[in-house]
Amino acid sequence: MIAEPTRFRPGIPDAPIVRLNDGRVLLADSRAHIRNSLKVALSHAGLEKINQSGALAAVNDAIAHSLGPDILICDMGMDDGNACKLVTALRHNDLGRNPFLCVIGITWSPTADKVTAVANSGVDHLIAGPVAPKQILDRISSMIFRRMPFVITADYVGPDRRKESIRPSHVPLVHVPNSLRLKAIGDWNQYAFEREIAREVARLNTSKIDRQAENIMALADLIAVQTGEGGPAVIRQLIERLTFMVELMAHRATEHGFHHVTELCRACVEVTKTIRESYGPPDRTDVELVKHLGQAIRVALYPQERAAEFAHDIAETVTATR
């Protein structure tokens with residue numbers, strides 16, 4: 001007789017009882033006794049597919065070539081804090097195939113700087129050690145039934161922790177794919193999930209480039225203001241920042257196959273290079289051109305009819321005026 005899967009009663013009022021036996025967990029901590037104690041607690045809650053790792057390189061490998069686990073529970077101090085870089089790479093779709101997997105970060109020395117670094121990496125939840133198993137189980141319940149929506153900017157992808165009163169109205173919230181929830185409620189279909197991941201990853205890449213273009217326009221505005229008011233050192237610092245942002249945007253556009261946007265990005269790189277190489281204050285026409293290119297990139301990212309031709313025409317016009 002096949003044993004009945006363990007039922008998990010969430011610590012949330014009115015939430016249905018769920019089964020977690022299909023959920024895959026990756027426990028990452030350099031200390032074996034910590035991993036073992038958490039594994040026992042999670043097993044009692046019904047989680048059966050639990051892998052452990054004591055090295056960050058193994059965590060990277062476990063995520064890199066697949067959809068990864070449904071939950072990553074990770075000591076964020078592993079490898080001198082490089083676990084934060086791993087989670088950031090995951091969220092920005094630079095690692096693995098599922099930037100939306102559920103992540104619980106644990107920090108054993110919760111200084112203000114470390115807590116900020118962990119939060120900015122994009123974890124779903126942060127827990128200060130020592131960790132009680134109930135804390136982990138409560139966070140798992142939360143990610144199943146009331147996972148925070150994500151916000152996508154040029155620099156951050158992860159749960160939106162900002163208060164509504166300070167959230168920019170133009171940055172939408174995204175309810176991301178959640179394999180943990182689908183498995184817990186018995187609605188798991190791998191092929192459907194992979195299609196959903198592909199759609200949302202494409203949207204993520206588009207949103208990131210859009211936010212980068214928006215930031216570039218704002219920075220170009222600031223450079224225009226500072227050219228008349230600020231000193232050479234301040235202006236030079238802003239120009240270096242602008243150069244970095246434009247080159248990063250061009251790289252991402254090329255990497256993710258936005259070919260008509262890539263043409264505009266390259267034109268923007270050329271204009272920014274001219275600004276950077278000038279010895280005096282930047283030419284105001286060049287700064288305005290950067291702003292116009294940023295706007296054109298944003299328009300081209302959300303194409304209506306003939307958007308690719310529109311982007312090409314703008315890029316040719318910019319080249320002709322150089």
Side-chain angles (χ1 to χ4, degrees), residues 10-12 20 23-45 47 50-64 68-96 98-153 155-163 176 178 180:
I12 297 175
L20 300 179
R24 294 178 299 135
V25 181
L26 178 56
L27 288 175
D29 195 298
S30 57
R31 292 153 296 190
H33 68 282
I34 297 293
R35 300 197 306 269
N36 290 335
S37 63
L38 287 177
K39 181 176 181 178
V40 169
L42 295 174
S43 297
H44 286 164
L47 285 155
I50 302 175
N51 291 324
Q52 301 184 45
S53 177
L56 201 58
V59 177
N60 188 94
D61 290 343
I63 294 173
D70 301 300
I71 314 171
L72 170 63
I73 302 172
C74 185
D75 172 16
M76 302 304 290
M78 289 180 71
D79 196 13
D80 294 326
N82 281 327
C84 287
K85 294 181 180 179
L86 182 145
V87 175
T88 297
L90 168 73
R91 291 297 191 226
H92 284 265
N93 195 37
D94 294 327
L95 173 64
N98 179 12
F100 312 115
L101 72 84
C102 296
V103 181
I104 298 174
I106 301 172
T107 178
W108 294 84
S109 53
T111 63
D113 288 346
K114 289 181 179 179
V115 168
T116 299
V118 174
N120 288 343
S121 72
V123 298
D124 286 273
H125 293 284
L126 171 61
I127 302 175
V131 181
K134 185 179 184 303
Q135 291 177 287
I136 297 290
L137 296 175
D138 285 347
R139 271 54 173 194
I140 290 175
S141 295
S142 176
M143 290 186 295
I144 293 173
F145 294 105
R146 54 185 186 195
R147 190 181 189 188
M148 286 183 286
F150 275 33
V151 63
I152 299 171
T153 70
D155 303 314
Y156 173 78
V157 178
D160 179 36
R161 297 186 175 88
R162 297 166 301 170
K163 294 181 180 178
V176 298
N178 186 346
L180 173 65

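Residues: numbered from 1 along the sequence shown.
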Show the nearest heavy-atom pair for residues [X] and [Y], with the distance to one decimal.
{"X": "S121", "Y": "C84", "answer": "CB-O, 3.5 Å"}
{"X": "Y156", "Y": "H92", "answer": "N-CE1, 3.8 Å"}
{"X": "G23", "Y": "L47", "answer": "O-CD2, 3.8 Å"}
{"X": "A62", "Y": "L26", "answer": "CB-CD2, 3.9 Å"}
{"X": "A45", "Y": "L137", "answer": "CB-CD2, 3.6 Å"}
{"X": "I63", "Y": "P69", "answer": "CG1-CD, 4.2 Å"}

From [X] [atom1] over to [Y] [atom2], what is the distance, rounded to the nearest 0.5 angstrom?
{"X": "I50", "Y": "L27", "atom1": "CD1", "atom2": "CG", "value": "6.0 Å"}
{"X": "K39", "Y": "D29", "atom1": "NZ", "atom2": "CG", "value": "14.5 Å"}
{"X": "R91", "Y": "N120", "atom1": "CZ", "atom2": "CG", "value": "13.0 Å"}
{"X": "I144", "Y": "R139", "atom1": "CD1", "atom2": "CZ", "value": "14.0 Å"}
{"X": "I104", "Y": "C74", "atom1": "CD1", "atom2": "SG", "value": "11.0 Å"}
{"X": "S141", "Y": "R146", "atom1": "OG", "atom2": "CZ", "value": "8.5 Å"}

Yes or no on side-chain contact (heavy atoms from CB on, under 4.5 Å) for N82 and M78, after CA distance, side-chain angles and deciding distance? CA-CA 6 Å; N82 281 327; M78 289 180 71; over 6 Å; no
Going through the checks in order, is the side-chain contact (heavy atoms from CB on, under 4.5 Å) test met by V131 and I73? CA-CA 11 Å; V131 181; I73 302 172; over 6 Å; no
Would D75 and I34 count as a side-chain contact (heavy atoms from CB on, under 4.5 Å) here? Give the steps. CA-CA 10 Å; D75 172 16; I34 297 293; over 6 Å; no
Any side-chain heavy-atom pair from N51 and R24 closer than 4.5 angstrom? no
Do the side chains of L90 and V103 get nearer than 4.5 Å, heavy atoms only? yes
Under 3.5 Å: donor-acceptor pair, side chain of N178, backbone of M143: yes
Do the charged groups of D80 and K85 touch, with an N to O distance under 4.0 Å? no
Hey, are D124 and R147 close enough for a salt bridge, meaning a charged N less than 4.0 Å from a carboxylate O? yes
Using the rule given for side-chain contact (heavy atoms from CB on, under 4.5 Å), can you reason through L42 versus I140, listing the C-alpha separation, both sets of side-chain angles and the distance that settles it, and then say yes or no? CA-CA 10 Å; L42 295 174; I140 290 175; 3.8 Å; yes
